[in-house]
2 protein chains.
Amino acid sequence: MKARRKSPVDQTGIESQFCSIDLRLKILGELPFFHGLSSQALEEINRHFVEVGYAAGEVIYHAGDPARRFYAVADGKVKLLQHALSGRNVLLDILIPGEFFGSLSPRDAMDYPDTAQAQTPVCALSINSAEFRTTLDRYPEAALIVLDLMANRLQAANENVFRLSSMEAEQRIASTLLKLGEKLGRSHEGGILIDLPLSRDELAEMTGTTTETASRTVSQFQAKGLIQGGRQWIAITDLDALKSVAQSG
Amino acid sequence: MKARRKSPVDQTGIESQFCSIDLRLKILGELPFFHGLSSQALEEINRHFVEVGYAAGEVIYHAGDPARRFYAVADGKVKLLQHALSGRNVLLDILIPGEFFGSLSPRDAMDYPDTAQAQTPVCALSINSAEFRTTLDRYPEAALIVLDLMANRLQAANENVFRLSSMEAEQRIASTLLKLGEKLGRSHEGGILIDLPLSRDELAEMTGTTTETASRTVSQFQAKGLIQGGRQWIAITDLDALKSVAQSG
DNA sequence: TTGATTCCATGATGTAGATCAATTAATTAC
DNA sequence: GTAATTAATTGATCTACATCATGGAATCAA
């Protein structure tokens, strides 16, 4: 098809699955909840974390695994999903550098509720959740920032509940593309490129639809000039028009 | 219809909209995040809270209002909802005594994302969000408990996203009734009474369906002996069978 | 360069549940 | 006790989108 072309999504970047110890201290200081701590504090915190690399597609942990570790994304993108009995996934969130996932506190009876999977090559910083709790005990200002971030996440999840409950498929897809553009977008040829590989199947998993519906809707948006896309990529070309679709319920 | 009868949901209880100052210190100590603090700490915290009563149906705050205050439910039940352009509501959560809502931290640009409304007569404890943040600064062990509760809330919201994305209406309704039974249920005639007034319309708002679909499904469940219900009430009578429906996707 | 694989697009058909409508029953007000 | 109102139930019809199927194009492997 005419509009399809080679993906402009940049999938090079550092080979994240070989993330460097040198980066760890630098990245820890850049995590929003440790930002502003003293060098001494970061040095101490640093000793508890390890960096772990994952190849694109690799599962970090499965839903149902005992929840023992806290993670922060240092580089790359991580997706959180749940699995339906039908074999279909529900894609709950895509996490970018600085965001966290996993277990916040040690609770023996808890399992991970979602599967975490590397969407791209990923470097993650990881710590045992008991040690993370100790870290928050030692640095309560960090705990308060994590609390704020968690409140933001709850709000985003509730917005998703609202979308799924009250919008039709086209509206949900437009709304989700806008959110992805806000979170992962970079300027590109006058529009906003959603800067991660995103298949029609994944878009469907995020919007409570099927691959065919996502593909039809994306094709219609392309035909109308709202977006441009191809294999595993989408760029928003008419932001205002896409917003109109998202708000038209 | 035969199974319908006068609601067994107890709507008496204290006239919550006239909640007593005497109760405040007692209730503060029972909030999960202040539980365990010393009497002296509770005395100090107590000075910052006010108790506020709301009649059933009264709106505590509207979505879009500037977010200035943190609330905890002392007595009664509060519902959080968002409003679609169609006029329909999406019912995001029903909060019980000990649960919190509102603004966790003072952020000038923030509005309340949801409307909070008294489902029953409600007594709430309220504090300015800047003062609440100061309280968490002073008592970081409380912040960590709030963090855990927030993580639980995020997990519940994600489960709701999963339900809405991957289940059909009957399954979602069964699943939601089970959750309501867990959270708000009390033993009643060998079953579990969902102990709050709950209309078919509200059940529909919680499950992404319409009133007619909720009513049809509830009638089918009654016909099969899974539940018993009437005007604004539902009791689960066959827990195992309802679980089977919820898990049958 | 060619063949295999994966992803996307499009068409046809079926259905879950929304929409619209009317009726019944419970509750409230007088 | 009666009338009005509210909530729930049930029926008929319509539609958004899932399901099933097929073909095309991009990408990868040999």
Side-chain angles (χ1 to χ4, degrees), chain A residues 1-9 11 56-57 84 86-90 163-174 196-205 207-224 227-234 245 248-249, chain B residues 1-9 11 56-57 84 86-90 163-174 176 196-224 227-234 245 248-249:
Chain A
M1 185 166 240
K2 275 196 297 222
R4 286 165 87 184
R5 61 177 205 263
K6 204 170 177 61
S7 171
V9 172
Q11 302 183 55
S86 63
R88 292 272 327 275
N89 290 335
V90 174
R163 237 176 262 129
L164 288 160
S165 299
S166 61
M167 293 179 185
E168 297 187 354
E170 186 192 45
Q171 238 195 314
R172 299 204 298 276
I173 290 170
L196 98 161
L198 182 74
S199 66
R200 301 298 183 263
D201 197 36
E202 284 165 329
L203 182 57
E205 289 174 357
T207 54
T209 65
T210 59
T211 306
E212 294 88 334
T213 298
S215 182
R216 283 188 234 278
T217 307
V218 165
S219 293
Q220 284 159 12
F221 288 169
Q222 294 199 68
K224 291 173 184 169
I227 64 171
Q228 209 167 36
R231 223 189 216 221
Q232 306 239 352
W233 70 273
I234 293 176
V245 173
S248 64
Chain B
M1 185 172 239
K2 275 193 304 220
R4 286 164 84 187
R5 62 179 205 262
K6 204 169 176 63
S7 171
V9 171
Q11 303 184 53
S86 62
R88 293 270 329 272
N89 290 335
V90 174
R163 237 178 260 127
L164 287 161
S165 299
S166 60
M167 292 181 184
E168 297 185 354
E170 186 191 45
Q171 239 195 314
R172 297 203 300 277
I173 290 170
T176 296
L196 97 163
L198 183 74
S199 67
R200 300 300 179 263
D201 198 37
E202 285 165 330
L203 184 58
E205 290 173 354
M206 296 191 80
T207 54
T209 65
T210 59
T211 307
E212 294 89 335
T213 298
S215 180
R216 282 187 235 278
T217 306
V218 165
S219 294
Q220 283 158 12
F221 288 168
Q222 295 201 65
K224 291 173 183 170
I227 65 171
Q228 210 170 34
R231 231 193 206 211
Q232 306 236 354
W233 70 273
I234 293 174
V245 174
S248 64

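Side chains included, hydrogens not; waters and symmetry mates left out as well; all remaining heavy atoms used. Note on naming: letters A, B, ... go to the chains in the order of the sequence lines (proteins, then strands), and numbering restarts at 1 for each one.
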note: A:I173, atom CD1; C:dA9, atom C1'; distance rounded to Å ~ 14 Å
Straight-line distance of B:S219 OG to B:R200 CZ, nearest 0.5 Å:
7.0 Å
Of B:R216 and B:D201, the one whose nearest nucleotide on DNA chain D sits closer to the 5' end is B:D201
Please evaluate the base of D:dC17 for a donor-acceptor partner in the side chain of A:E168 within a cut-off of under 3.5 Å?
no
I'd like to know if the side chain of B:R172 reaches the main chain of B:M167, judged simply by a donor and an acceptor atom lying under 3.5 Å from each other, with no hydrogens or angles considered.
yes
Establish, with yes or no, whether the OP1 or OP2 oxygen of C:dA18 is under 4.0 angstrom from a side-chain nitrogen or oxygen of B:T213.
yes
A:W233 CH2 to D:dA26 P, in whole Å, measures 12 Å
Short side-chain N/O contact to C:dT27 OP1/OP2 from B:Q232, under 4.0 Å:
no
How long is the line joining CD of A:Q220 and C1' of C:dG11, in whole Å?
14 Å
Rounding to an integer number of Å, can you tell me how far A:I234 CD1 sits from C:dC7 C1'?
13 Å
B:S219 side chain near D:dT10 phosphate (N/O to OP1/OP2, under 4.0 Å)
yes
State which of C:dA16, C:dT27, D:dA18 makes the closest approach to the side chain of B:R231.
C:dT27
Measure CD/B:E205 against C1'/C:dA18 and give the value in whole Å, please.
16 Å
Examine distances only and state if a side-chain atom of B:T176 and a backbone atom of B:I173 form a donor-acceptor pair shorter than 3.5 Å.
no
Quick check against the 3.5 Å criterion: does A:S215 have a side-chain atom that pairs as donor or acceptor with the backbone of A:E212?
no
Nucleotide nearest B:T209 when distance is taken to its side chain, options D:dT19, D:dA7, C:dA18:
C:dA18
Atom-pair distance (CG on A:L164; P on C:dA18), nearest Å:
14 Å
Would you tell me if any nitrogen or oxygen in the side chain of A:R200 comes within less than 4.0 Å of OP1 or OP2 on C:dA9?
yes
Round to a whole Å and report the spacing from CE of A:M167 to P of D:dC17.
13 Å
To the nearest Å, how far apart are B:F221 CZ and D:dT9 C1'?
16 Å
Taking the side chain of A:T210 as its heavy atoms from C-beta onward, which of D:dA18, C:dC7, D:dT10 lies nearest to it?
D:dA18
Side chain of A:E212, base of D:dC17: donor and acceptor closer than 3.5 Å?
no
Donor-acceptor pair, side chain of B:Q222 and main chain of B:G229, under 3.5 angstrom
yes
Below the 4.0 Å mark, does D:dT9 have OP1 or OP2 next to a side-chain nitrogen or oxygen of B:S215?
yes
Tell me if the side-chain of B:R88 makes a donor-acceptor pair with the base of C:dT19, cut-off 3.5 Å, by modelled atom types.
no
